[in-house]
Structure formats: structure tokens, C-alpha cells
Number of protein chains: 2
Amino acid sequence: MTKLPSNLTNSIKLLRTKLDLTQDDLAKKTNCSRQTINAIEKNKYSPSLLLAFKIAYILETNIDEVFGIE
Amino acid sequence: MTKLPSNLTNSIKLLRTKLDLTQDDLAKKTNCSRQTINAIEKNKYSPSLLLAFKIAYILETNIDEVFGIE
DNA sequence: ACATAATGTAAAAAATATTTTACACTGTAA
DNA sequence: TTACAGTGTAAAATATTTTTTACATTATGT
């Protein structure tokens, strides 16, 4: 990563299924909609940092394990 | 942190001054406005995850060192 | 005291994230 | 085959983030 990063990646699906959670489960636990989880999981847009923290918290890890940058 | 986290904190000013950068410097390097850096630094709102990553990158550390949650 | 750099702030507009409602598709269990 | 859970997606509305312009305040150097 030599330049200013600009592309997000994520391992939500991997971590989520490891905990046997559906998109809907994760949505409810993070207080957002299933569509939002789906969109973030499929990289439709960059979530707010707060939501990213919540997702990492529910997935029992930290942001850098859930999201990456390129 | 026993509950779903909901309050952000940050060490932007500390890390920024350690690198001798002004708000404007950091803004330019992260491709955002000085007002945005100022607002985030003063916790006015939760930035996008992408901007958070960029800030951490310019501050030569990772998100968890720059931002915290309560 | 003066000039200037850095920061704080505000309001309106623009861009982006998120919700809501709704429906289609896939796989799987009965 | 039917029913249902899980996922993908779309469009409109709403909420939030970010930009832009502009000005006030604070600190610092001369």
C-alpha cells in the first residue's frame, strides 16, 4: 500500500457464517437493516465508522480483521 | 465494552501534531476538506470507514490506534 | 501592535449512506 | 411439490456525511 488507499474489502460473510449468523441476525444485532448488511458485505458503499465498529464487535474481532483497504 | 458500542473517540490531534501536520495538511493528504478533519477531530460525526482508513494511513498507524469506541 | 497561520464554527448545497417496502431467486426440509 | 429461510436487488424516501464559502477566534512571530 504505497498510495492513498481507496478500495475497501471485507470478510463479513466469512466471519458471519463462522458464527452461524444470517445477514438478518447481524443486522438486528448491529441495529441496522438487512439491506445495509447485504450492501456492505457486497461492497456497495463504505459504511460509517461507527457501524463498522459495531459489525466488528458482533463478529468478535476488530475492524482490521473485518475490513481491508487497497 | 459489554454492550453494543455507540460512542466514538479519536486521537487524531495527538497523532497529527506528532507528525507536525496541520488540519489542513491532513485534509489535503486524505483528499477531504479541512472542515471535515476538524469536525471528525472534534467528534461531530462518524466519518466513513474509507476516510477513517485514509486518516489512519496518513497518520502512519491503523484505525484502532486512531479511533476508539465506548 | 501588526501580520499571519492555525483552528473553530455556521449555513446551504451536494454527495453518500441507510431505511423501508417490496419482490425475485436459490436451496433445502417436509 | 410446497413451504420457508436466506439472500440479492431496486426504487423512493430519509438521514447523515462532506463540500464550499465565509467569517471569527486564538496563538505566534516580527
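Heavy atoms only: backbone and side chains are in, while hydrogens, waters and symmetry mates are out. First the proteins, then the strands, lettered A, B, ... as listed; each starts at 1.
Both A/Ser33 and B/Lys42 lie near DNA chain C, and the one whose nearest nucleotide falls closer to the 5' end is B/Lys42. In terms of position along DNA chain C, the nucleotide closest to B/Lys13 lies nearer the 5' end than the nucleotide closest to the other residue of the pair B/Lys13 and A/Cys32. Ranked by how close their nearest DNA chain D nucleotide is to the 5' end, A/Gln23 and B/Arg34 are led by A/Gln23.
Residue A/Ile40 places its side chain closer to C/dT18 than to any other of C/dG8, C/dT18, D/dT18. For A/Tyr45, counting side-chain heavy atoms from C-beta on, the closest listed nucleotide (D/dT9, C/dT18, C/dG8) is C/dT18. The side chain of A/Thr36 lies closest to C/dT18, out of D/dT19, D/dT9, C/dT18. For A/Gln35, the listed nucleotide lying nearest its side chain is D/dA10; candidates were D/dT21, D/dA10, C/dT18.
Contact check, A/Ser48 against C/dT18: a side-chain N or O comes under 4.0 Å of OP1 or OP2. Taking 4.0 angstrom as the limit, A/Asn38 places none of its side-chain polar atoms (N or O) nearer than this to OP1 or OP2 of D/dT7.
Atom CD in A/Glu41 sits about 11 Å away from atom P in D/dT9, given to the nearest Å. Counting to the nearest Å, the C1' atom of D/dA5 and the CG atom of A/Asp25 are 11 Å from each other. Atom P of nucleotide D/dT7 and atom CD1 of A/Ile12 are separated by 12 Å, given to the nearest angstrom.
In terms of modelled atom types and a separation under 3.5 Å, the side chain of B/Asn38 and the main chain of B/Gln23 share no donor-acceptor contact.
Of the residues listed (B/Leu49, B/Leu50, B/Ile63), the one engaging A/Ile69 in a side chain to side chain contact (heavy atoms under 4.5 Å, CB included) is B/Leu50, and it is the only one.
For the residue pair A/Ile12 and A/Glu41, the shortest heavy atom distance occurs at CG2-OE1, 3.5 Å. The shortest heavy-atom contact between A/Phe67 and A/Ala52 is CE1-CB, 3.8 Å.
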